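Beneath this line is the structure, given in structure tokens, with notes to follow.
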Amino acid sequence: MTNQSANTEMETRQRNFERVLSREPFKGLKAIFDSLSPGRQELFEGVNGTNSYEELLSRLGYRLTLTQQIHVQDAYTRVGLAGSIKAVLPYYDIPTQSSLPTLVNIDSTVTATPKSASFFNAMLAALKTQLSAQH
């Protein structure tokens with residue numbers, strides 16, 4: 001009976017995680033997570049068990065690499081095996097009027113600018129705060 005109760009609680013927490021992650025402020029983070037293609041349970045555990053964006057990426061099997069600038073149009077031309085980019089995620093944050101693109105690469109790296117890495121680190125912290133407030 002205790003095991004069933006624990007499973008039900010975990011399912012409820014995971015559903016809550018998906019619901020909060022789907023909210024408007026977290027759309028950019030969700031797009032990155034969806035492109036990384038981890039199992040949802042693995043992602044849920046990773047978010048709950050890490051303290052930073054870079055640490056979460058590492059736990060999911062990716063390494064964060066920083067670059068000063070990402071040319072989004074050029075990156076689209078390099079999508080696929082020949083160009084080594086798995087996904088181009090051109091996120092634009094309207095309140096800060098900032099372009100914060102992220103590249104998910106075939107070699108298990110995520111490329112971002114320092115500004116976008118910092119932004120998504122803060123977004124992850126906000127997600128964790130909302131999740132903890134729900135418990």
Side-chain angles (χ1 to χ4, degrees):
M1 196 67 144
T2 304
N3 193 20
Q4 184 179 6
S5 176
N7 285 344
T8 302
E9 181 180 335
M10 182 59 83
E11 287 175 19
T12 301
R13 289 180 66 211
Q14 191 157 354
R15 275 196 306 268
N16 184 53
F17 167 75
E18 294 293 342
R19 185 177 50 76
V20 172
L21 184 60
S22 293
R23 291 180 182 158
E24 184 61 36
F26 304 114
K27 295 272 185 193
L29 196 58
K30 184 178 186 314
I32 293 169
F33 292 162
D34 290 348
S35 292
L36 298 177
S37 301
R40 299 315 273 184
Q41 179 68 28
E42 181 183 5
L43 177 60
F44 172 72
E45 290 170 1
V47 167
N48 288 309
T50 58
N51 295 313
S52 71
Y53 180 62
E54 185 172 7
E55 189 180 337
L56 173 61
L57 292 175
S58 178
R59 182 163 177 173
L60 296 174
Y62 287 82
R63 183 174 46 88
L64 179 64
T65 59
L66 298 177
T67 187
Q68 287 303 330
Q69 189 172 18
I70 295 175
H71 296 279
V72 174
Q73 286 308 113
D74 177 57
Y76 276 118
T77 67
R78 297 184 293 128
V79 172
L81 291 176
S84 74
I85 296 176
K86 180 178 171 183
V88 178
L89 304 165
Y91 187 76
Y92 187 78
D93 185 54
I94 294 171
T96 62
Q97 296 184 1
S98 298
S99 179
L100 305 161
T102 299
L103 306 177
V104 179
N105 303 299
I106 293 172
D107 68 355
S108 296
T109 61
V110 172
T111 303
T113 63
K115 187 175 183 178
S116 64
S118 177
F119 177 85
F120 287 115
N121 191 55
M123 191 178 281
L124 177 62
L127 174 66
K128 290 175 66 88
T129 298
Q130 283 198 19
L131 291 171
S132 66
Q134 307 263 328
H135 297 322

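Predicted model only: the values in this text are computed from it and were never measured. For the numbers below, each heavy atom of this structure counts, side chains included, while hydrogens, waters and symmetry mates do not. Numbering starts at 1 and runs along the sequence shown.
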**OP:** Compare every heavy atom of A112 with every heavy atom of A117, then report the nearest pair and how far apart it is.
**Re:** N-CB, 4.2 Å
**OP:** Please check if Y91 and L64 belong to a single hydrophobic cluster, counting links between Ile, Leu, Val, Met, Phe, Trp and Tyr side chain heavy atoms closer than 4.5 Å.
**Re:** yes
**OP:** Please name the residue in the list N105, T109, T111 that meets the side-chain hydrogen bond (donor to acceptor under 3.5 Å, both in side chains) test with T65.
**Re:** T111
Original post:
Any side-chain donor-acceptor pair under 3.5 Å between N16 and R19?
Top reply: yes
Original post:
Which residue pairs pass the salt bridge (Lys or Arg N to Asp or Glu O under 4.0 Å) test with at least one member in residues 58-80, sequence neighbours excluded?
Top reply: D74-R78
Subject >> Contact summary for G49 and E55, nearest pair of heavy atoms >> reply: O-OE2, 4.1 Å
**OP:** Mind checking the OG-NZ spacing from S108 to K86? Nearest 0.5 Å is all I need.
**Re:** 7.5 Å
Subject >> Heavy-atom pair of closest approach, residues L103 and A75 >> reply: CD2-CB, 3.6 Å
**OP:** Answer yes or no: is there a donor N or O on one side and an acceptor on the other, between the side chain of K128 and the main chain of T50, under 3.5 Å?
**Re:** yes
Original post:
Cluster question for you: counting only ILVMFWY and a side-chain heavy-atom cut-off of under 4.5 Å, with indirect links fine, are L60 and I85 together?
Top reply: no
Subject >> Interatomic spacing from CG in L89 to OG in S116 - rounded to 0.5 Å >> reply: 10.5 Å
**OP:** State yes or no: do I70 and L57 share one hydrophobic cluster built from I, L, V, M, F, W and Y residues joined by side-chain heavy-atom distances below 4.5 Å, directly or via other members?
**Re:** no
Original post:
Side-chain heavy atoms under 4.5 angstrom apart, residues restricted to Ile, Leu, Val, Met, Phe, Trp, Tyr: same cluster for V104 and V88?
Top reply: no
Original post:
Would a 4.5 Å heavy-atom cut-off, applied to side chains only, mark N121 and E54 as touching?
Top reply: no
**OP:** Could you label the plane-to-plane angle of the F17 and F44 rings as parallel, tilted or perpendicular, counting under 30° as parallel and over 60° as perpendicular?
**Re:** perpendicular
Subject >> Atom pair CE/CG of M123 and L100 - distance to nearest 0.5 Å >> reply: 8.0 Å
Original post:
Is atom CD of Q97 surrounded by more than 12 heavy atoms (other residues, nucleotides or ligands) closer than 6.0 Å?
Top reply: no
**OP:** State, yes or no, whether a side-chain contact exists between L36 and V110 at a heavy-atom distance under 4.5 Å.
**Re:** yes
**OP:** Specify the closest pair of heavy atoms between P90 and V72, including all atoms of both residues, with the distance to one decimal.
**Re:** CB-CG1, 3.9 Å
**OP:** With sequence neighbours excluded, tell me which residues meet salt bridge (charged side-chain N to carboxylate O under 4.0 Å, His left out) with K30.
**Re:** D34
Original post:
Quick one: are L56 and F120 in side-chain contact, heavy atoms under 4.5 Å?
Top reply: no
Original post:
Who passes salt bridge (charged side-chain N to carboxylate O under 4.0 Å, His left out) against E18, sequence neighbours left out?
Top reply: R40
Subject >> Linked, directly or transitively: I32 and Y76 (ILVMFWY side chains, under 4.5 Å) >> reply: no
Original post:
For D107 and S84, does a side-chain donor sit closer than 3.5 Å to a side-chain acceptor?
Top reply: no
Original post:
Can any side-chain N or O of T129 pair as donor or acceptor with the backbone N or O of A125 at less than 3.5 Å?
Top reply: yes
Original post:
At what distance, to the nearest 0.5 angstrom, does CZ of F33 lie from CG of L43?
Top reply: 5.5 Å
